[in-house]
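Step one of this worksheet: look at the structure below.
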Amino acid sequence: MSSNNKPVAVAVLDDYQGAALRLADWSVLDSRATVTVFNDHVADTDALVERLKDFKVLCVMRERTPLPRATLERLPKLKLIVSTGARNAAIDVAAAGERGIAVAFTGYTSAPTIEMTWALILAASRHVVAENLAFRRGAWQQGVGVGLAGKTLGVLGLGRVGGAVAKVGALLGMKVIAWSPNMTPERAAEGGATAVSKQELLRQSDVLTVHMVLGPKTRGLLGAGDLALMKTSSLLVNTSRGPLIDEAALVSALTSRRIAMAALDVFDVEPLPADHPFRSLDNVLGTPHIGYVADDLYRTFFGDTVKAVDAWLVERAKSA
């Protein structure tokens with residue numbers, strides 16, 4: 001039997017919820033592939049290489065397990081990487097191409113992240129978690145929530161996600177202002193917002209929500225000086241990428257109550273270390289990067305992953 005007729009070893013990485021096999025039909029790959037699902041995350045490079053060295057196909061969740069050049073060079077059997085989402089900055093695509101490794105991507109929708117942003121804003125404003133915990137202890141009405149109607153929603157980045165978040169804010173009766181490095185009054189108006197300077201965005205926002213793509217120019221976009229401009233009563237929300245905000249500066253601002261609260265779904269290091277201050281500060285509402293973790297999107301992710309692997313196997317068979 002030629003090597004092309006042997007079942008191909010396929011690895012699905014970082015399937016924290018055990019969702020991959022439940023939410024897609026992998027049976028179309030039967031007899032042509034053996035699928036191994038890993039539910040844990042391996043951060044150590046040597047351990048990761050040892051785990052993956054015999055696989056020809058890797059199915060990865062966007063930006064969970066990095067695949068830089070140094071790692072790819074140690075995986076000589078690897079021939080295909082399928083990543084969820086339309087892009088994955090954690091994969092060195094150029095290095096993959098040089099090594100003859102194909103890279104494919106799946107469909108994506110921003111709807112779950114938009115929904116999660118508002119889930120965090122509303123839960124933080126109305127102390128939902130604290131009230132639920134008190135309710136379970138037998139208590140009743142422990143605090144006073146913050147109403148959003150008439151307050152100012154600041155949107156840092158008015159793209160696909162930020163624009164939709166802004167529209168919901170307007171529907172709730174909030175004044176919506178926005179800033180990004182390339183913002184214009186016309187573009188802001190199209191999103192139902194008023195363009196302001198970065199400084200005014202920080203000074204005026206009762207709720208500041210961050211929606212920018214992480215890159216060299218946006219890393220640390222909000223530093224200690226920026227946080228110092230914010231209202232002491234303000235809520236800072238980040239469902240985009242942790243490094244957009246200087247993490248040490250944010251910890252300091254929250255510890256000193258320079259800002260009232262942060263609702264965070266993303267962090268510099270993920271999974272977040274167990275002893276990180278964000279896990280113990282009482283003015284942090286934290287969630288484990290679940291902005292995109294919704295059943296419909298996962299069906300798209302894993303369904304498209306199966307299709308990509310199937311298409312690659314078909315092409316592989318033709319060249320046998």
So does [Y] get a backbone contact from the side chain of [X], meaning a donor-acceptor N/O pair under 3.5 Å?
X: E131; Y: G143; result: yes
X: R279; Y: P273; result: yes
X: Q142; Y: W140; result: yes
X: W26; Y: A20; result: yes
X: R69; Y: A96; result: no
X: D265; Y: G291; result: yes
X: T84; Y: R62; result: yes
X: S280; Y: P277; result: yes

So, using salt bridge (Lys or Arg N to Asp or Glu O under 4.0 Å) as the criterion, who are the partners of K217 when residues are at least two apart?
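With sequence neighbours excluded, K217 shows a salt bridge (Lys or Arg N to Asp or Glu O under 4.0 Å) to no residue whatsoever.
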Grab the two heavy atoms, one from [X] and one from [Y], that are nearest each other, plus how far apart they are.
X: S31; Y: P7; value: O-CG, 3.8 Å
X: F38; Y: A11; value: CE1-CB, 4.0 Å
X: A104; Y: A308; value: CB-CB, 4.1 Å
X: T209; Y: V165; value: CG2-CG1, 4.0 Å
X: V35; Y: L29; value: CG2-CD1, 4.5 Å
X: G85; Y: T106; value: N-OG1, 2.9 Å

How many angstroms lie between [atom1] in [X] and [atom2] in [Y], if you round to the nearest 0.5 Å?
X: K167; Y: I114; atom1: NZ; atom2: CD1; value: 9.5 Å
X: S205; Y: I259; atom1: OG; atom2: CD1; value: 11.5 Å
X: K318; Y: R316; atom1: NZ; atom2: CZ; value: 14.5 Å
X: S234; Y: L227; atom1: OG; atom2: CG; value: 8.5 Å
X: R64; Y: D14; atom1: CZ; atom2: CG; value: 6.0 Å
X: L133; Y: H127; atom1: CG; atom2: NE2; value: 13.5 Å

Using a strict cut-off of less than 4.0 Å between a Lys/Arg side-chain nitrogen and an Asp/Glu carboxylate oxygen, indicate whether [X] and [Y] qualify as a salt bridge.
X: D206; Y: K175; answer: no
X: E200; Y: R203; answer: yes
X: D296; Y: R299; answer: yes

Compile the donor-acceptor pairs under 3.5 Å between side chains in residues 235-253 and protein atoms, sequence neighbours left out, one pair per line.
residue : atom : partner : partner atom : Å
N238    : OD1  : S240    : N            : 2.9
N238    : ND2  : R241    : O            : 3.0
T239    : OG1  : T117    : OG1          : 2.9
S240    : OG   : V210    : O            : 2.8
R241    : NE   : E63     : OE1          : 2.6
R241    : NH2  : E63     : OE1          : 3.1
D246    : OD1  : A248    : N            : 3.1
D246    : OD1  : A249    : N            : 3.0
E247    : OE1  : D268    : N            : 3.3
E247    : OE2  : H276    : NE2          : 2.9

Treating Ile, Leu, Val, Met, Phe, Trp and Tyr as nodes and any side-chain heavy-atom pair under 4.5 angstrom as an edge, say whether V176 and L156 lie in one connected cluster.
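Hydrophobic grouping puts V176 apart from L156.
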Do the side chains of W118 and V129 join up, straight or via other hydrophobic residues, at under 4.5 Å, putting them in one cluster?
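In one cluster: yes.
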[X] side chain to [Y] side chain, donor-acceptor N/O pair below 3.5 angstrom:
X: N88; Y: S83; answer: yes
X: D25; Y: S27; answer: yes
X: H289; Y: T287; answer: no

Taking the side chain as C-beta and beyond, is there a heavy-atom pair between [X] and [Y] under 4.5 Å?
X: I81; Y: V60; answer: yes
X: F55; Y: V10; answer: no
X: R257; Y: N283; answer: yes
X: L58; Y: L52; answer: yes
X: K198; Y: L221; answer: yes
X: D40; Y: R51; answer: yes
X: L48; Y: D46; answer: no
X: V196; Y: M183; answer: no

For [X], does the [atom1] atom have more than 12 heavy-atom neighbours from other residues, nucleotides or ligands under 6.0 Å away?
X: R87; atom1: CZ; result: no
X: R126; atom1: CZ; result: no
X: K231; atom1: NZ; result: yes

Between Y16 and H41, what is the ring plane arrangement, given parallel below 30°, perpendicular above 60°, and tilted in between?
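Perpendicular: the ring planes of Y16 and H41 meet at over 60°.
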Pick one: which of L229, I177, T152, V155 meets side-chain contact (heavy atoms from CB on, under 4.5 Å) with L201?
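Answer after filtering L229, I177, T152, V155: I177.
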Test of understanding: with ring-ring contact (aromatic ring centres under 6.0 Å, His included), list the residues that count as partners of F302, not counting sequence neighbours.
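ring-ring contact (aromatic ring centres under 6.0 Å, His included) check on F302 returns Y298.
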